[in-house]
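Working notes, structure below.
Worth saying up front: this structure is predicted, and the values here are computed from it rather than measured.
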There are 4 protein chains.
Amino acid sequence: MASSTPKNPKPQPDRTRRSERSRQAILTAALDLIGESGYQRLTIEAIAARAGVGKQTIYRWWPSKAAVLLDAFVALGEEAADGGTELPDTGDLAADLKAVVRATVDELNSPRFDAPSRALAAESVVNPELCAQFTERVLEPQLELYVRRIRAAQEAGQADPDADPRTALELIVGPLAHRWLLRTLPLTHAYADAVVDLALRGLTPR
Amino acid sequence: MASSTPKNPKPQPDRTRRSERSRQAILTAALDLIGESGYQRLTIEAIAARAGVGKQTIYRWWPSKAAVLLDAFVALGEEAADGGTELPDTGDLAADLKAVVRATVDELNSPRFDAPSRALAAESVVNPELCAQFTERVLEPQLELYVRRIRAAQEAGQADPDADPRTALELIVGPLAHRWLLRTLPLTHAYADAVVDLALRGLTPR
Amino acid sequence: MASSTPKNPKPQPDRTRRSERSRQAILTAALDLIGESGYQRLTIEAIAARAGVGKQTIYRWWPSKAAVLLDAFVALGEEAADGGTELPDTGDLAADLKAVVRATVDELNSPRFDAPSRALAAESVVNPELCAQFTERVLEPQLELYVRRIRAAQEAGQADPDADPRTALELIVGPLAHRWLLRTLPLTHAYADAVVDLALRGLTPR
Amino acid sequence: MASSTPKNPKPQPDRTRRSERSRQAILTAALDLIGESGYQRLTIEAIAARAGVGKQTIYRWWPSKAAVLLDAFVALGEEAADGGTELPDTGDLAADLKAVVRATVDELNSPRFDAPSRALAAESVVNPELCAQFTERVLEPQLELYVRRIRAAQEAGQADPDADPRTALELIVGPLAHRWLLRTLPLTHAYADAVVDLALRGLTPR
DNA sequence: CCATAAACGAGACGGTACGTCTAGTCTTAAG
DNA sequence: CTTAAGACTAGACGTACCGTCTCGTTTATGG
C-alpha cells in the first residue's frame with residue numbers, strides 16, 4: 001500500500017483545477033439550446049460551440065449528454081430554491097395538497113422547466129443509469145416532502161392511519177405525471193384539485 | 001367546397017402495390033432489434049438490414065423510426081388481441097379493477113412489451129406528433145375501457161356518481177405508469193392492489 | 001439441330017413490335033438532358049421521366065446509359081447527313097483538308113454537338129466496349145474518308161507515296177482532338193490551318 | 001485595398017494540423033483501387049475503408065473523387081521524378097523525340113499509369129474544373145519541355161524557324177493521345193517513330 | 001373481329017453510394 | 001494539467017439512382 005495514486009484505467013481528472021467558468025457556460029448553453037431546438041437536436045458539439053468550450057471539456061466531466069442536462073436542471077432547481085422547503089401544514093390536508101399540486105402544475109406548464117424536464121424524463125424512461133440519478137437527485141427529495149406531510153396528517157387524525165403514505169402520494173403525483181408526460185388532456189388547476197379531492201374521498205360512495 | 005385531396009408536393013406512393021412481406025419483415029425486425037439492443041442503438045439501417053429490405057422502403061412508408069416502432073407495437077398488441085375486449089364486470093368493482101391492473105403490471109414487466117413500449121413512451125414525451133398517434137391508437141382505447149367499467153359501477157351504485165370517471169381512471173393508471181416509467185419502486189401485484197384499494201376507499205378516514 | 005429458337009438466357013425482345021415513338025422520345029430526351037445538365041447528372045431515371053417512358057423500356061433496348069447516348073448521337077449525326085459524303089477533291093490537298101478540318105472545328109465548337117460527343121468520348125476512354133462501338137460506328141467511317149483522300153493525293157503525286165495515310169490522317173486529327181478534349185488552348189480555324197500546313201510541310205527546314 | 005482573405009462561409013480547415021499519414025493512405029488506396037476495379041467502381045467509401053480513414057477526412061481536404069485522383073496521380077508522377085527533367089538534346093532532333101515518345105508510349109501502356117491517367121483524362125473531358133487543374137499541374141509542364149527542345153532545334157537550324165513550336169509539339173503528342181484514348185489502333189514504338197518521322201518530314205513530297 | 005401475347009407506363013423493390021452530421025478520441029498550442 | 005480548438009476514425013442519417021421485378025394498359029397482329 002505504498003502508492004498514493006492508485007492508477008485507475010481512466011484516472012479521473014483533478015477536480016480542484018476545474019474551470020468553474022466553463023462549467024457554468026456549459027450548463028447555461030445546454031438549457032438555452034434545449035429550449036430553442038428541443039432535445040432531439042441538442043448535441044454535444046452544439047453545447048460546446050455555444051459555451052465557447054472544447055468538446056473534451058464536456059467529455060472530461062460528464063459521461064453523457066443527459067448527465068449534462070441533469071446537472072443543468074439541478075442548477076435550475078437550485079435557483080428556484082425549492083429543494084429544501086417543507087410542504088405547508090395549515091392543518092387542512094386537502095388545501096395544503098392542492099396548493100402544492102397547483103404550483104407543480106404551473107411549473108410543468110412553464111416553458112422554462114418544460115423542455116429540460118421532459119428531456120430528462122424521456123431519457124430516464126430508456127436509460128436506467130440516468131433514471132437512478134434523476135430520481136435520487138430530483139424526484140425523491142420532492143416526493144419525500146409529500147410522505148412527511150401525509151404522515152403528519154395521519155398523526156393528526158386527518159388521514160387514514162392504515163394507508164401507505166407512499167402509495168397515497170403516488171395516487172396524487174402519478175395522474176399529474178401521466179397527463180403531463182403523455183399529453184392526454186390539459187393539465188390544469190381544476191384537474192389538480194379534482195385529483196386531490198378524489199384521492200382523499202375515494203371512489204366508493206360514502 | 002375545397003378539394004378533399006390537396007395534392008402534396010411529394011405524391012404519396014401507391015398503397016395498393018405495397019409489399020406486405022416487406023412490411024411484416026420491417027415490423028418484426030424493429031421489435032427484435034429493440035429487444036436486443038435497446039432504443040438508442042435501434043437504427044433505420046439496422047432494421048433494413050435485418051429485414052432484408054432497402055432503406056428506401058422504410059422511408060417510403062414511415063416518416064420516422066418512431067413511427068415504425070408504433071406500427072410494430074400496434075401489431076404486437078393485435079397479436080395479443082386485447083384491443084376490442086371489454087373489462088370484466090362481475091359486479092365487484094375492486095376485484096375487477098385489480099384483475100385488470102395486475103394483468104397490466106405483468107405486461108409491463110414482460111420483456112417482450114417492455115422495450116418497445118418504453119421506447120414509444122420516451123419518444124412520445126419529447127415528440128408531440130408521435131405522442132398524439134400513440135395516445136390515439138394505443139392508449140386511449142385502453143383507457144376508454146376503464147371509463148366504461150367505472151360508469152357501469154356508478155350506475156350500479158358501487159361508485160360515487162359525482163366522481164369524474166376519467167379522473168378516477170387516472171388515479172389508478174397514473175401511479176402504475178409513474179412507477180413503471182421512472183422505476184422509483186418495483187411494480188408488483190401488491191402495489192397494484194394497494195393502488196386500487198386506496199383509490200376506492202380514499203385517504204380520508206371513514 | 002432441330003430447335004429453330006435456341007433460347008438464350010435472356011431472350012431478346014421482339015424488335016418488330018418496338019415502339020418507334022418511345023425510341024425517338026428517349027433519344028431526344030437524352031440529348032436534351034445532357035445539353036441542360038451535363039453527363040454527370042444524366043440518369044436513366046431522368047431520361048425515362050423526360051421521355052414519358054418506363055425505365056424498363058430503356059433497359060429492354062439498351063445495355064447502358066452510354067449506349068443510349070451513342071444511338072442518340074448517331075441519330076444526331078444522321079440528321080446532319082455527313083456520314084456518307086466523301087471529302088472534297090479539288091486537286092489541292094491542303095485546301096481540301098483545311099476546308100474539312102475547319103468544318104470539324106465548327107462542329108466541335110457548337111454546343112449541340114459538344115456535350116454529347118464529350119460524354120461519349122469520356123465514356124469511351126474508360127469503357128472499352130462502348131469505345132469499340134463508338135469508333136466503329138462514328139469515328140472510323142469519318143477517318144476512312146481522310147484515308148481515301150490522302151491516298152488519292154498520293155496517286156496524284158501531291159503526297160509522299162511512302163507515307164502511311166493512316167499516320168498522316170492522325171497527324172491532323174490527333175492535334176484537333178487533343179485541344180478539344182483537354183481544352184489546352186482554343187480550337188480555331190487558324191489552328192486548324194496551322195496543323196494542316198505543318199503536317200504537309202514538316203518541321204524540318206526544306 | 002480589399003482584404004486578401006475573403007472569409008468563406010465554410011472556413012477551410014487548418015492545414016498545419018493535417019494528418020500526413022491519412023493523406024498518404026488515401027492517395028495510395030485510391031491508386032490501388034483504381035488499378036483493381038476501374039474508375040466506375042472507385043468510390044469515396046471504398047477509398048476511405050481501404051485507407052482506414054473516415055469519409056469526412058476525404059471530404060475535408062478534397063472537393064471530389066477526381067481531385068483525390070489527381071493528387072494521387074501527381075504523387076505517382078513525383079515518384080518517377082520526371083517532372084523537372086529536361087528533354088535530351090543530343091543534337092539529333094528526330095532521335096531525341098523518338099526516345100522521349102517511346103518512353104511515353106511505354107508509360108501509357110503500363111498498367112500502373114494507364115488506369116489512373118485514363119480516369120483523369122475521362123473526367124477532364126467532361127469536367128472543366130478538373131481539366132484545368134490536370135493540364136496545369138500535369139500536362140502543361142510536360143508539354144513545355146517539348147516546346148523548349150523544339151525551340152533549341154530551331155536555334156540550331158535543325159527545325160524550320162517559322163514553325164510554331166506549340167503546333168509542332170501537338171503534331172506529335174496529339175496522335176499518340178488520340179490512339180491511346182480512343183484505342184483505334186495499338187500504340188507501339190513503331191507508331192511513335194512513324195509519327196515523329198512524318199511530323200518532321202511532312203506529307204508533301206520533297 | 002376479336003384473342004392474346006408482347007411491349008408499354010408506372011413505380012415499388014433490394015441495394016449501393018452519396019455527402020452531411022454527430023459521437024467520442026486524440027493532438028496541438030497557450031496558459 | 002486544463003483548456004479551446006479542431007482533426008481524427010467511425011458510422012447513421014436521409015436522398016438519389018441503379019437495375020430488376022411486378023402491375024395493369026395499350027396495341028398490333030394472327031387465328
Between [N] atom [atom2] and [X] atom [atom1], what is the distance in whole Å?
{"X": "C:Q40", "N": "F:dA16", "atom1": "CD", "atom2": "C1'", "result": "15 Å"}
{"X": "B:I47", "N": "F:dA12", "atom1": "CD1", "atom2": "C1'", "result": "12 Å"}
{"X": "D:R15", "N": "F:dC8", "atom1": "CZ", "atom2": "P", "result": "12 Å"}
{"X": "C:L33", "N": "F:dC17", "atom1": "CG", "atom2": "P", "result": "11 Å"}
{"X": "B:R23", "N": "E:dG14", "atom1": "CZ", "atom2": "P", "result": "14 Å"}
{"X": "B:L42", "N": "F:dG11", "atom1": "CG", "atom2": "P", "result": "17 Å"}
{"X": "B:R18", "N": "E:dG14", "atom1": "CZ", "atom2": "C1'", "result": "16 Å"}
{"X": "D:I58", "N": "E:dT20", "atom1": "CD1", "atom2": "C1'", "result": "14 Å"}

Taking the six-membered ring of D:W62 as reference, does the cationic atom of D:R18 (NZ for Lys, CZ for Arg) lie under 6.0 Å from its centre and within 45° of its axis?
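Yes, a cation-pi geometry.
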
Describe the nucleic acid contact of D:R60 in one word from base, sugar-phosphate, nothing, applying a heavy-atom distance below 4.0 Å.
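Touches a base.
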
Classify A:S22 by what it touches in the nucleic acid, base, sugar-phosphate, or nothing, heavy-atom distance under 4.0 Å.
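Sugar-phosphate, no base atom in range.
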
Can you find a side chain N or O atom of B:W61 that sits less than 4.0 Å from OP1 or OP2 on E:dC13?
yes

Return whichever of B:A46 or C:I44 has its heavy-atom-nearest nucleotide of DNA chain F closer to the 5' end.
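Closest to the 5' end, via its nearest nucleotide, is B:A46.
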
Between B:K65 and D:D14, who's closer to the 5' end of DNA chain F by nearest nucleotide?
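Looking at the nearest nucleotide for each, D:D14 comes out on the 5' side.
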
Using a strict threshold of under 4.0 Å (side-chain N to carboxylate O), is an ion pair present between C:D14 and C:R60?
no

Would you indicate which nucleotide in E:dC18, E:dA12, E:dG14 comes nearest to any side-chain atom of D:Y59?
E:dC18

Is it true that the side chains of D:Q133 and D:E129 contain a donor and an acceptor less than 3.5 Å apart?
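Distance-only check fails for D:Q133 and D:E129.
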
Would you indicate whether the side-chain heavy atoms of [Y] and [X] approach each other to under 4.5 Å?
{"X": "A:L120", "Y": "A:L130", "result": "yes"}
{"X": "B:R21", "Y": "B:V53", "result": "no"}
{"X": "D:Y39", "Y": "D:E123", "result": "yes"}

Please write out each protein N/O paired with an N/O of nucleotides 26-31 of chain E under 3.5 Å, distance rounded to 0.1 Å.
from   : atom 1 : to    : atom 2 : distance (Å)
E:dC26 : N4     : A:Q56 : OE1    : 2.5
E:dT27 : O2     : D:R17 : NH2    : 2.5

Taking the nucleotide of DNA chain E with the nearest heavy atom to each, does D:T43 or C:G54 sit closer to the 5' end?
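Closer to the 5' end of DNA chain E: C:G54.
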
Tell me which of B:T57 and C:E20 sits closer to the 5' end of DNA chain E, going by the nucleotide each one is nearest to.
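With B:T57 and C:E20 compared, the 5'-side residue is C:E20.
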
What pairs of nitrogen or oxygen atoms, one from the protein and one from nucleotides 29-31 of chain F, lie under 3.5 Å apart?
none

Verify, without hydrogens or angle tests, whether D:R118 (side chain) and C:V125 (backbone) share a donor-acceptor contact under 3.5 angstrom.
yes

What are the two closest heavy atoms between [X] and [Y], and how far apart are they?
{"X": "D:D32", "Y": "D:R50", "answer": "CB-NH1, 3.6 Å"}
{"X": "A:L69", "Y": "A:P116", "answer": "CD2-O, 4.3 Å"}
{"X": "C:A30", "Y": "C:I47", "answer": "CB-CD1, 4.1 Å"}

